[in-house]
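Below: one structure, written as structure tokens.
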Amino acid sequence: MQRWLMKTEPGTFSIDDLAARRTEPWDGVRNYQARNFIRAMHRGDAVLIYHSACAQPGVAGLAKVASPPKPDPTQFDPRSDHYDAASKRADPRWTLVDVRFVRRLRRVITLDEIKSLRGLGDFALTRRGNRLSVLPVTDKQWDAILALE
DNA sequence: GCCAACGTTGGC
DNA sequence: GCCAACGTTGGC
């Protein structure tokens, strides 16, 4: 089983929204590196849900991958913000997985706290200029973050 | 709202 | 294939 971190803007879709929805197709990822990570996912993989672009950026909850990778239907929908006119149905450019709620954390583990952790090795979340919305998390990183809860 | 970082686009 | 312009992300 692999572990991942997936960002969401809580003003648009928060951990509480995921809790209410139970399972959500994680559509709209339009970055090739993030897409490639999605394509490497398997059902049952563990996910940290991270709140970005908000007052308190940090890890807010846990989820799991609930489907195999599959084409993101919004790429074919001209009314969608995520429409991609260049993507062909025979060879879809963008991929999603379904994400299932597991639990909220008792509190948000903030980015500042995560940055203060040492010995975690390379971590895309805390790299300078970090903009990846889907990224891998090592077991050590996962354990160290959740130990802060 | 600002702005640094960085990915993408498109002219050449 | 270079690189300037532009758009987006996301912390602050």
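Quick note on labels: first sequence line is chain A, next is B, and so on, each numbered from 1.
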Any carboxylate oxygen within less than 4.0 angstrom of a Lys/Arg side-chain nitrogen, looking at A:R35 and A:D72?
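So A:R35 does not pair with A:D72 through a salt bridge.
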So does A:R43 pair up with A:D98, basic N to acidic O under 4.0 Å?
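No, no charged N to carboxylate O under 4.0 Å.
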Sugar-phosphate means primed atoms, P, OP1 and OP2; the rest is base. With that split, encode nucleotides 3-11 of chain B 5' to 3' as B, S or - using protein heavy atoms under 4.0 Å.
--BB-S---
Applying a 4.0 Å non-hydrogen cut-off, can you work out what A:L132 is touching in the nucleic acid: base, sugar-phosphate, or nothing?
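The answer is sugar-phosphate, as A:L132 gets under 4.0 Å only of primed atoms, P, OP1 or OP2.
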Any donor-acceptor N/O pair, [X] side chain to [Y] backbone, under 3.5 Å:
{"X": "A:D17", "Y": "A:S14", "result": "yes"}
{"X": "A:E149", "Y": "A:R106", "result": "yes"}
{"X": "A:Q33", "Y": "A:L135", "result": "no"}
{"X": "A:Q75", "Y": "A:R93", "result": "yes"}
{"X": "A:N36", "Y": "A:Y32", "result": "yes"}

Could you go through A:L18 and A:T8, starting from their C-alpha distance and side-chain angles, then the distance that decides it, and tell me whether this counts as side-chain contact (heavy atoms from CB on, under 4.5 Å)?
CA-CA 10 Å; A:L18 183 61; A:T8 184; over 6 Å; no
Quick one: bend of the helix from B:dG1-C:dC12 to B:dC12-C:dG1 from 5 pairs per end, to 10°?
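The end-segment axes of the helix from B:dG1-C:dC12 to B:dC12-C:dG1 are tilted 10° relative to each other.
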Heavy atoms within less than 4.0 Å of DNA chain B: which residues of residues 50-61 of chain A have one? Give them sorted by number.
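Listed by number, there are none.
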Point-to-point distance, once rounded to the nearest 0.5 Å, from CG of A:L48 to CD1 of A:I114:
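Going from CG on A:L48 over to CD1 on A:I114, the span is 7.5 Å.
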Would you please classify the geometry between the A:F13 ring and the A:W26 ring as parallel, tilted or perpendicular, with 30° and 60° separating the classes?
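A:W26 vs A:F13 ring planes: perpendicular.
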